[in-house]
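Report on the following structure.
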Amino acid sequence: MEWPVVFALMLACLVVLMLTGMPIAFAFLLTCILGSVLFWGGLSGLGQLAMSVGNSVVMFSLLPVPLFLLMGNIIYCTGLGTMIVGALDKLLGRLPARLSVLAVAVGAVLGSMIGISGGSIAITATSLVPEMKRRGYRPEMTIGPIVSTGTLGTMIPPSALGVFLAAMGGISAAKVLVGIIVPGLLLAVAFAVYILVRVALKPDLAPAYEVERVPLQEKLRVLVRELLPFLLIIFSVLGVIFLGICTPSEAAAFGAIACYVLAAAYRRLTWQAVKESAVATIEITAMILVITMGAMSFSRILASSGAVNGFIHWITDAQLSPWLVLIGTQAIIMVLGCFMEPASIVMLTVPVFIPLMSALGFDPIWYAVIMLLNIQLGLITPPLGLDVYNAKSVVSRLDPDITVEDVFRSSMPFFFIGVLVMVLLMIFPQLVLWLPSAAK
């Protein structure tokens, strides 16, 4: 069977099953059953499929994912995230739209420890929305910055989605994690600058208020006792990877231990918090592994049937501009982001796009970072926008007047800023590749 027919048949089956409302994991698995029978020798192909499913969930490269999720859940369940918000609030001083800028700062700091977007949004919204509402902040300066912290949570390592993408693409997770450091910080700075400029042009979006003066001695105490200890978590993950001491899997284990140690040191480590963080981690990990089983088998069937290589050769033989192909792939990801959640997009596109970009001469680490940012931006685009609905569910308990339309509208400027940063990463690849090339 010719590769275009294989490609179209497998993709059409998957799309039809998804349109019926079937969960993405089961849609992948049913499509794989059909594909294994058609392309792996009839009913005997089901045995190969079973082996493929088993091999998918024992990949060592996926080990950091549950550990990064555990880190985020420990910080959330023990209240360490709320403590970070209070500490940064005391250090920030007097700034226009200080609570909105504080949300971005919290997102950047939490992003260096949590690695999942939902955790950053929940902590920031719970801590800041009541005060923002009391100070008369408009939704543009309330919800928008808070939703943006989800993007920072993924684009500043540790990043569970970044590790997942690297594993699916067969590239170095360590280099992807190091490669997103500069783009993540650039994104945080761009968000903060936008907030300051927007409020300077329209001050009523975030009315100024008198900030209680915090003595220098108190600021130093807060810095030393409430923020600097968290460098232990950051170094346990990023430092050991950058210095070449540990693999991402080992670093993730050290990071989880560091979270437990700090929670115990601040007397916030209760059995209830341990139980809640463990259960939440198991639930999310199980969902990811089920999706992985189907999607990895899906990509293997495509590869073994020659569909992936056929598609790559078709693109390269067409002699299209590599940059045109690059932009086209990002456009596809952006459209998919309007309707699908990140793990599904990774599974559907990475097995095809990463080899294609490598064949066209692009650095796979650079492309993976751009792809990661694009997929994360899909979480704030209508109509699906999972981060938007996540923020709405938290904020609605604190401010019932906020609607889903308000959240989407407030998030759009931050979406376009993310697109601008993505374009900068395309134009200046060294923003991504500089640190990975310097790491051991």
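- Taken to the nearest 0.5 Å, the CG atom of Leu177 stands 13.0 Å off from the NZ atom of Lys175.
- For the atom pair CZ of Arg138 and CG of Asp406, the computed distance is 10.0 Å after rounding to the nearest 0.5 Å.
- Taking a cutoff of 4.0 Å between a charged side-chain nitrogen and a carboxylate oxygen, Arg135 and Glu131 qualify as a salt bridge.
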Full working for side-chain hydrogen bond (donor to acceptor under 3.5 Å, both in side chains) between Tyr367 and Thr329: CA-CA 10 Å; Tyr367 182 78; Thr329 60; 2.9 Å; yes

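- Applying the 6.0 Å contact sphere to OH of Tyr76 captures no more than 12 heavy atoms from other residues, nucleotides or ligands.
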Stepwise side-chain contact (heavy atoms from CB on, under 4.5 Å) test for Phe362 and Met426: CA-CA 11 Å; Phe362 292 113; Met426 291 181 183; over 6 Å; no

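- By the salt bridge (charged side-chain N to carboxylate O under 4.0 Å, His left out) test, Lys219 pairs with no residue at all, sequence neighbours left out.
- Listed by chain and residue number, nothing satisfies the salt bridge (charged side-chain N to carboxylate O under 4.0 Å, His left out) test with Arg198 (two or more places apart in sequence, or in another chain).
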Worked verdict on Met83 versus Leu80 for side-chain contact (heavy atoms from CB on, under 4.5 Å): CA-CA 5 Å; Met83 189 178 75; Leu80 290 178; 4.1 Å; yes

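- Note that CD1 of Ile332 and CD1 of Ile345 are 12.0 Å apart. Values are rounded to the nearest 0.5 Å.
- Contact between Ile180 and Ser159 at its shortest, heavy atoms only, is CD1-CB, 3.9 Å.
- The backbone N or O of Pro139 sits less than 3.5 Å from a side-chain atom of Ser410, completing a donor-acceptor pair.
- With rounding to the nearest 0.5 Å, the separation of OG1 in Thr154 from CD1 in Ile375 is 10.0 Å.
- Qualifying side chain to side chain donor-acceptor pair (under 3.5 Å) partners for Glu218, counting only residues two or more places apart in sequence or in other chains: Arg221.
- Remark: Glu250 pairs with no residue by the salt bridge (charged side-chain N to carboxylate O under 4.0 Å, His left out) rule, at least two apart or across chains.
- For the atom pair CG of Leu99 and NZ of Lys133, the computed distance is 15.0 Å after rounding to the nearest 0.5 Å.
- Here ring pair (Phe, Tyr, Trp, His ring centres under 6.0 Å) pairs that include residues 171-197, with residues two or more places apart or in two chains, are Phe191-Phe414, Tyr194-Phe414.
- For Ile33, the side chain to side chain contact (heavy atoms under 4.5 Å, CB included) partners at least two apart in sequence or on another chain are Leu30, Leu46, Leu49.
- Around atom CZ of Phe254, no more than 12 heavy atoms belonging to other residues, nucleotides or ligands sit under 6.0 Å away.
- Note that the OG atom of Ser127 and the CG atom of Asp89 stand 10.0 Å from one another [nearest 0.5 Å].
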